[in-house]
Amino acid sequence: MEVEENNEQLDEGKWQLLGWTFLAVVAPVIITLWCSIQRSKRKTLIREIFRKSKHGWHYTDLFSKPTYCCVCSQHILQGAFCDCCGLCADEQCLRAADRNLQCKEIAAPPREDGALAHHWVRGNVPLCSYCAVCKQQCGTQPSLCDLRCIWCQTTVHDDCKAGLGDEDRCDLGEFRSLIIPPHYLHHVNKLRRRHPDEYVKLAVLCGSGWTPVLVLANTRSGNNMAEALLGEFRILLNPVQVFDLTKLPPARALQLCTLLPPGSVRVLVCGGDGTVGWVLDAIDTMKLKGQEQFIPWVTVLPLGTGNDLSNSLGWGAGYAGEIPVEQVLRNIMDAEVVNMDRWKVQVASKGYYFRKPKVLSMNNYFSVGPDALMALNFHAHREKTPSFFSSRIINKAVYFLYGTKDCLVQECKDLDKKIELELDGERVNLPRLEGIIVCNIGYWGGGCRLWEGMGDEPCPPTRLDDGLLEVVGVFGSFHCAQIQVKLANPVRLGQAHTVRLVLKSSRMPMQVDGEPWAQGPCTITITHKTRAPMLYHSLEQTDDEEDDDSSCSDTDALKTVAKPAELVNHM
């Protein structure tokens, strides 16, 4: 009997052990699967709410400052915020926020007196905001308190709102000359005859000196700052003025210019030199469509890696948030207009007589040789793993590695035997070079003054609007590195209105404004194409200008500012 009881106890213990083992293994799996399903359902629900909402919701797991839900007034750590009006809400209150709290209206009728009414949003006012009535700081209480107008950015205490002179009248604030008011677009939609004269009449409603700005941002450029910048610009401007170029191409975004008074629009391009070229090509398309009178003035907020065009126009070598977006808009209002030469690069491959030449547009420079080889290698690897090239520092480090490799391999040696160069029809005898660079602007290679060089050696000045190209040669990748750190000068080959290069044999790397390719035997002809109105920031000096003010530079050359009436004559 005892043996049977022991066997029964052993069997019972085995079953208990098996049961607990089953629970220990299977239960966590079931719980994990259930949590994953619920999380997936929650994300799907939130995504559906975002898709149908009129707000520009963005979800975040952690707000960067103390934040309160605009519906339930509770403190929240994770939730959603609207990058157009600044509303914040937790997940449970998203539907209520959509239903009860209105976002910025891009087009809306004015009041009976023709003015725009304030659009107040309670709580979560910007840091260091001050009341327009009592001049004391707002948003200091640990609760949903105080008010902000999402158009003019005025902030007031709850108790001080009654003290505003005309509490319902909004003048659009400091940036009224850059904002497209909702009542303007409302009147445009009511027009029976879409004619530029009608837009000029409507512009009177927006006040004198009204020069609206369109913001075109490339979220793939540089260090991925464009996504946050889009939200900041939507807060300060009308959301209809702000475009993400990864979702809407420049040609379609610039069609908004045709609904605004001719000659009044400015375009801020947030991206690298390639993005600027993309936008300028779209502007050329506007000319072909007979829309020359609507051509905007273009300025740059540099987010790319090189940013040589931005540097030449006085906007700096790169933007990393060192100045607030408000200051960027102030700089645009103070900028001057200049005409920048644009060039046509024709590449006719040898042996393909019945094929049309490849035609490219050039704003910065054309090159053949080691710098084009580095750009080609960089471009090939970025196409394979784009997520790795998300930082400006990483991008420059990769360029350095490719340059070091080429110093050892010298893939572009004996270029002088493979290529012929003509400047304005005259043959140039080439020394033993590995690369030739044809420049339109004063900067090259991420901030290096290529034509002026170093020292007091006299040289003709570089200008953006003189119809001339500067042509230089380099001896290799190591020579390029020496030029960039001001230890050497390039070989100045001359200036010309037309440049012609003949590649007689082999394949060579080439690039136009950072867009590289490998090219076989061909004839390359660079001729003047057109001029583009650009905005130049003359109030800010770069570090290179402070070190070398005596050199002939773009800053000196651009002091001759084009008047708006002259711009159409040159385009």
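- Partner of Arg266 under the side-chain contact (heavy atoms from CB on, under 4.5 Å) criterion, out of Leu214, Leu535, Val215: Leu535 alone.
- A donor-acceptor distance shorter than 3.5 angstrom exists from the side chain of Asp513 to the backbone of Asn363, with no hydrogens or angles considered.
- Proximity of a side-chain donor or acceptor of His479 to a complementary backbone N or O of Ala488 within less than 3.5 Å is not detected.
- Arg449 places no side-chain N or O within 3.5 Å of a backbone atom of Tyr443 that could act as its donor or acceptor partner.
- The backbone N or O of Gly467 sits less than 3.5 Å from a side-chain atom of Asp341, completing a donor-acceptor pair.
- Between the side chain of Gln241 and the backbone N or O of Ile180, at least one donor-acceptor pair lies under 3.5 Å.
- Ion pairing of Arg432 with Asp416 is absent here, as no side-chain N (NZ or NE/NH1/NH2) approaches a carboxylate O to less than 4.0 Å.
- The main-chain N or O of Gly316 is found under 3.5 Å from a side-chain atom of Ser310 such that the two form a donor-acceptor pair.
- Side-chain contact of Ser505 with Lys417: a donor-acceptor pair under 3.5 Å is absent, judged by distance alone.
- Heavy-atom contacts from other residues, nucleotides or ligands closer than 6.0 Å to CD of Glu322 number more than 12.
- The two residues Lys287 and Arg531 make their nearest non-hydrogen contact at NZ-O, 3.4 Å.
- The shortest side-chain heavy-atom distance between Ile235 and Asp83 does not fall under the 4.5 Å cut-off.
- Side-chain polar atoms of Thr211 and Ser177 form no donor-acceptor pair below 3.5 angstrom.
- A cation-pi arrangement, defined by a distance under 6.0 Å to the six-membered ring centre and an angle within 45 degrees of its axis, is present between Arg492 and Trp451.
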Mind running side chain to side chain contact (heavy atoms under 4.5 Å, CB included) on Asp273 and Asp308 for me, showing each step along the way? CA-CA 7 Å; Asp273 290 345; Asp308 293 304; 3.8 Å; yes
Show the numbers, then the answer: is there a side chain to side chain contact (heavy atoms under 4.5 Å, CB included) between Asn440 and Asn364? CA-CA 5 Å; Asn440 178 48; Asn364 299 358; over 6 Å; no
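- Residues Gln255 and Arg252 have side chains that never bring a donor and an acceptor to within less than 3.5 angstrom of each other.
- Pairing each heavy atom of Pro370 with each of Cys480, the nearest pair is CG-SG, 4.3 Å.
- Scanning all heavy atoms of the two residues, the minimum distance from Cys270 to Phe233 falls at SG-CE1, 4.1 Å.
- Contact of the Arg500 side chain with the Ile524 side chain is not registered, since no non-hydrogen atoms from C-beta on lie closer than 4.5 Å.
- Taking the six-membered ring where the residue is Trp, Phe81 and Phe63 present perpendicular rings, their angle passing 60° and hence far from 30°.
- Proximity of Asn307 to Val300: side-chain heavy atoms (C-beta onward) are nowhere separated by under 4.5 Å.
- Of the charged side-chain nitrogens involved, none lies within less than 4.0 Å of a carboxylate oxygen, so that Lys289 and Asp284 do not count as a salt-bridged pair.
- Side-chain atoms of Phe294 and Met286, non-hydrogen and from C-beta on, do get closer than 4.5 Å to each other.
- By the 6.0 Å contact criterion, NZ on Lys65 is enclosed, its count of non-hydrogen atoms from other residues, nucleotides or ligands being greater than 12.
- Contact annotation: the side chain of Arg342 approaches that of Ser361 to within less than 4.5 Å [non-hydrogen atoms, C-beta and beyond].
- Residues Ala532 and Leu280 come closest through the heavy atom pair CB-CD2, 4.0 Å.
- Across every non-hydrogen atom of Trp210 and Ile179, the tightest pair is NE1-O, 2.8 Å.
- The shortest non-hydrogen separation linking Pro533 to Pro296 is CG-O, 3.5 Å.
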Walk me through whether Glu434 and Phe475 qualify under side chain to side chain contact (heavy atoms under 4.5 Å, CB included). CA-CA 5 Å; Glu434 288 191 24; Phe475 295 117; 5.8 Å; no
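- Atom-to-atom distance recorded for Tyr536:OH and Leu313:CG is 8.0 Å, nearest 0.5 angstrom.
- No side-chain donor-acceptor contact under 3.5 Å links Thr527 and Trp343.
- Between the Asp424 side chain and the Ala496 main chain, no donor and acceptor come within less than 3.5 Å of each other.
- Between the NZ atom of Lys504 and the OG1 atom of Thr523 there is a distance of 11.5 Å, given to the nearest 0.5 Å.
- Rounded to the nearest 0.5 Å, atoms CG (Asp371) and CG (Leu376) are 11.5 Å apart.
- Checked by atom type, the side-chain pair Ser367/Gln511 shows a donor-acceptor distance below 3.5 Å.
- Side chains of Glu515 and Trp517: no donor on one and acceptor on the other come within 3.5 Å.
- Atom CG in Leu501 sits 14.5 Å away from atom NZ in Lys418 (nearest 0.5 Å).
- A heavy-atom distance below 4.5 Å is not found between the side chains of Leu433 and Val474.
- Annotation: side chain of Ile283 is not in contact with side chain of Thr285 (no heavy-atom distance under 4.5 Å).
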Leu421 vs Ile419, side chain to side chain contact (heavy atoms under 4.5 Å, CB included): CA-CA, chis, key distance, verdict: CA-CA 7 Å; Leu421 173 66; Ile419 204 165; 5.8 Å; no
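- The CD atom of Gln519 sits 5.0 Å away from atom CE of Met510, with the distance rounded to the nearest 0.5 Å.
- In this structure, Thr219 and Leu230 have side chains that are in contact, with non-hydrogen atoms separated by less than 4.5 Å.
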